[in-house]
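Presented below is the structure to which this report refers.
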2 protein chains.
Amino acid sequence: MSERRYHHGNLRAALVDAGLDLTRDGGAAALGLREATRRVGVSPNAAYRHFSDRRALLGAVARRVQELMAERMAVPAPTSSDDDAQQARAQLHAVGMGYIEFALAEPGWFAVAFFPSPGDQPDDDEGTGTDPADAPPFRMLVQALDALVAAGALEADARQGAEWPCWSAVHGFADLAIHGPLRGLPTEQLRALADRTVSAIIAGLGG
Amino acid sequence: MSERRYHHGNLRAALVDAGLDLTRDGGAAALGLREATRRVGVSPNAAYRHFSDRRALLGAVARRVQELMAERMAVPAPTSSDDDAQQARAQLHAVGMGYIEFALAEPGWFAVAFFPSPGDQPDDDEGTGTDPADAPPFRMLVQALDALVAAGALEADARQGAEWPCWSAVHGFADLAIHGPLRGLPTEQLRALADRTVSAIIAGLGG
DNA sequence: ACTGCTATGTTGACACTGTAGACAATGCAC
DNA sequence: GTGCATTGTCTACAGTGTCAACATAGCAGT
């Protein structure tokens with residue numbers, strides 16, 4: 001098992017795993033090329049065979065985090081209630097709360113998941129790799145909003161672009177709660193504020 | 001003028017100014033201790049006479065940016081309309097849009113202004129210096145919300161903690177628009193989405 | 001089965017960063 | 001003027017990302 005072969009076998013995956021470890025506490029800044037390779041037991045430059053850049057590795061880690069996030073945001077199985085509209089609203093609410101709760105539970109990962117500010121803007125679009133608009137958590141939001149329309153709880157006019165107010169609210173709240181003035185508040189209180197925020201943005205969508 | 005005296009005279013201020021220059025494009029990552037001192041024409045370690053740390057300098061820059069932000073968010077002078085409630089709502093709306101517009105106009109500065117993720121959390125509260133809750137832009141938000149209550153446009157119950165949904169929405173939108181999937185959208189479209197976001201969160205406050 | 005190519009990992013080096021400690025110049029208080 | 005606290009410099013160290021040249025391993029084709 002621990003025979004050190006010259007070829008690692010699956011370095012790329014191993015580096016991403018190391019990246020997950022490092023970013024979990026410490027966020028993006030904690031992911032160093034040298035540190036990651038050190039953990040895997042490989043020379044620093046080996047990483048360059050799999051990633052063009054430190055930022056490329058970070059991007060790969062980010063995509064994995066997005067998947068983890070979507071898994072944790074599992075929807076609470078639509079209880080067979082009669083009120084479709086109410087249920088759709090509840091689902092959207094759950095998606096929002098799931099987003100925030102993941103952020104609170106894994107602040108380091110969350111800081112990496114979407115658009116890491118540490119490096120400057122990625123120069124070009126395809127720099128980090130994937131379009132953030134098809135990040136799994138985002139798709140969940142889209143789905144929930146569509147369901148809201150289908151249930152008649154949201155006008156078709158108001159549907160257009162509704163993703164952004166929603167995402168804005170939960171994303172902003174997460175940032176405030178992790179790095180901002182809300183940091184350190186007791187979980188219960190935090191959850192109450194999150195609930196208020198999510199409820200408010202959903203309620204305000206109609207107008 | 002350009003006589004190089006041994007003592008710079010006002011190094012601290014000069015370093016902060018250099019920091020403003022550096023962060024303006026490039027955000028927090030662009031503020032290097034060595035680079036800043038180089039610009040001022042002073043040895044790297046001179047900075048340590050005025051700041052304990054690179055992060056301390058960054059904090060000083062952040063506070064200056066917050067002031068700049070508040071200046072740019074100048075309220076549009078309450079037009080003497082008869083409808084108090086409508087006017088209060090408009091003021092709150094203007095504060096939110098001002099926040100976002102500053103962020104869009106000065107993305108580098110905005111990234112530094114509040115809670116720079118680059119470094120990890122500041123270890124202790126008083127690390128960066130001031131409580132983010134009395135950042136000038138935040139005070140403007142508080143004021144606008146109070147005015148809303150005074151005008152009868154917001155129940156006293158709903159007033160409590162209303163800062164956070166509001167701040168969350170605009171802050172999140174700014175992040176999405178700068179680093180996120182909204183990046184690069186034409187200004188006009190961006191402004192429309194911002195408007196929608198701000199309107200939504202205000203409309204949703206009552207519930 | 002041997003040969004050669006390509007993918008993968010290593011070594012050494014460079015320029016850069018933040019930070020620490022010992023030293024030098026300055027300007028203010030007496 | 002003298003002495004001292006403030007402010008800036010120099011040297012040095014550990015750490016980083018990245019590049020170029022080299023070494024090894026495994027696979028393809030004869």
Side-chain angles (χ1 to χ4, degrees), chain A residues 1-19 21-23 26-62 112 116-124 127-128, chain B residues 2-19 21-23 26-62 112 116-123 127-128:
Chain A
M1 186 66 110
S2 65
E3 317 191 35
R4 304 175 118 274
R5 298 188 300 281
Y6 189 90
H7 285 88
H8 177 279
N10 200 351
L11 221 199
R12 177 175 176 108
L15 284 175
V16 173
D17 282 347
D21 263 26
L22 288 170
T23 52
L31 172 48
L33 217 44
R34 289 186 114 105
E35 178 65 24
T37 52
R38 196 175 300 139
R39 293 213 170 189
V40 176
V42 101
S43 109
N45 285 0
Y48 285 90
R49 296 294 160 190
H50 302 272
F51 303 96
S52 67
D53 222 322
R54 171 182 175 271
R55 277 197 42 260
L57 171 54
L58 221 163
V61 173
V112 162
S117 19
D120 22 4
Q121 43 262 60
D123 243 7
D124 243 332
T128 5
Chain B
S2 64
E3 318 190 34
R4 301 175 121 275
R5 296 190 300 281
Y6 189 92
H7 285 90
H8 176 279
N10 199 351
L11 221 199
R12 179 175 176 107
L15 284 175
V16 173
D17 281 347
D21 262 25
L22 288 170
T23 53
L31 172 47
L33 215 45
R34 288 185 113 104
E35 179 64 24
T37 52
R38 196 175 301 139
R39 294 212 170 190
V40 176
V42 101
S43 110
N45 285 7
Y48 285 91
R49 296 294 160 191
H50 301 273
F51 303 96
S52 66
D53 221 318
R54 170 184 175 272
R55 278 198 41 263
L57 171 54
L58 221 161
V61 172
V112 162
S117 19
D120 24 4
Q121 44 262 61
D123 244 4
T128 6

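Throughout, a chain's letter reflects where its sequence line sits, starting with A, and its residues are numbered from 1.
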Of all the heavy-atom pairs spanning B:F51 and B:A60, show the shortest one and how long it is. CE2-CB, 3.7 Å
How long is the line joining CG of B:L22 and P of C:dG18, in whole Å? 11 Å
Nearest-Å distance for atom pair CZ/C1', residues B:R54 and C:dT19: 13 Å
Can you tell me if the side-chain N/O atoms of B:H50 get under 4.0 Å from OP1 or OP2 in D:dT6? no
Tell me which residues in residues 30-38 of chain B lie within less than 4.0 Å of DNA chain C, going by non-hydrogen atoms. B:G32, B:L33, B:R34, B:R38
Over all heavy atoms of both residues, which pair between B:A46 and B:L11 is shortest? Give the atoms and the distance, please. CB-CD1, 3.8 Å
Does B:R49 contact D:dG8 through a side-chain donor or acceptor facing the base, at a distance under 3.5 Å? yes
A:H50 and A:R12: which non-hydrogen atoms are nearest, and at how many Å? O-NH1, 3.1 Å
Of the candidate nucleotides C:dA20, D:dT18, C:dT11, which contains the atom at the shortest distance from the side chain of B:Y48? C:dA20
Nearest whole angstrom, please: distance from the P of D:dT16 to the CZ of A:R39. 12 Å
Please report, rounded to the nearest Å, how far the P atom of D:dT7 is from the CG atom of B:L15. 13 Å
What nucleotide among D:dT9, D:dT18, C:dG9 has an atom nearest to a side-chain atom of A:A46? C:dG9
Rounded at 0.5 Å granularity, tell me how far CG in B:L31 sits from CG in B:L58. 5.0 Å
Side chains of residues 33-42 of chain A: which donor-acceptor pairs under 3.5 Å do they make with residues two or more places apart or in other chains?
from	atom 1	to	atom 2	distance (Å)
A:E35	OE1	A:R38	NH1	2.6
A:E35	OE2	A:R39	NE	3.4
A:T37	OG1	A:L33	O	3.0
A:T37	OG1	A:R34	O	2.8

Any N or O donor-acceptor pair linking the side chain of B:N45 to the base of C:dG18 at under 3.5 Å? no
Interatomic distance where CG belongs to B:L11 and P belongs to C:dA25 [whole Å]: 18 Å
In whole angstroms, how far is the P atom of C:dT19 from the CZ atom of B:F51? 13 Å
